[in-house]
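Here is the structure we will look at.
Every heavy atom of this structure was used, including side-chain atoms; hydrogens, water molecules and symmetry mates were not.
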Amino acid sequence: MPRTEDLTEEWPPALLASFDAYSAPQADRWVAVVLRTISPALDADASDAAWEWLYEGRIETRRALLRAEPCTVSVTHASTRITWTIRPVLFLSLSHRQETELPACAYRFKMQATD
């Protein structure tokens, strides 16, 4: 989930989006694609931080995810910090995010009578 934070203001970070990844490699690949895409628009320090994560930090991020540990990746451009939070979800969702239909397994559940 990418969040932005204006370092000159007192406002809390703003959530921009979320993405469902189905594996640790898919999650870190998504962040890598975004960092490669925005790096040309970043100032030199932020671009260097992005590429440092791409070459060095990405390996440790993937290892942490495989250990079911959350990770963050941050770059600061001018007065804006962008932070991606990647964390494993240890439960199964019970309904689709964008559809109104319940998954097929929901119809297999039978209510039991209680006394």
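Residues meeting the side-chain hydrogen bond (donor to acceptor under 3.5 Å, both in side chains) test with Ser74, sequence neighbours left out: Thr83. For Ala49, the side chain to side chain contact (heavy atoms under 4.5 Å, CB included) partners at least two apart in sequence or on another chain are Val75. Annotation: ring-ring contact (aromatic ring centres under 6.0 Å, His included) contacts of Tyr22 (sequence neighbours excluded): none. In this view, Thr61 and Trp53 satisfy the side-chain hydrogen bond (donor to acceptor under 3.5 Å, both in side chains) rule, not counting sequence neighbours.
Here the CG atom belonging to Asp28 is positioned 4.0 Å from the CZ atom belonging to Arg62, to the nearest 0.5 angstrom.
The salt bridge (Lys or Arg N to Asp or Glu O under 4.0 Å) analysis of residues 41-55, with sequence neighbours excluded, yields no pairs. Residue pairs meeting the salt bridge (Lys or Arg N to Asp or Glu O under 4.0 Å) criterion with at least one member in residues 68-79, sequence neighbours excluded: Arg67-Glu69.
The nearest pair of heavy atoms linking Ser47 to Leu42 is N-CB, 3.8 Å.
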Could you list the donor-acceptor pairs under 3.5 angstrom formed between side-chain atoms of residues 33-41 and any protein atom two or more places apart in sequence or on another chain?
| residue | atom | partner | partner atom | Å |
| --- | --- | --- | --- | --- |
| Thr37 | OG1 | Val33 | O | 2.7 |
| Ser39 | OG | Arg36 | O | 3.3 |
| Ser39 | OG | Trp51 | NE1 | 3.2 |

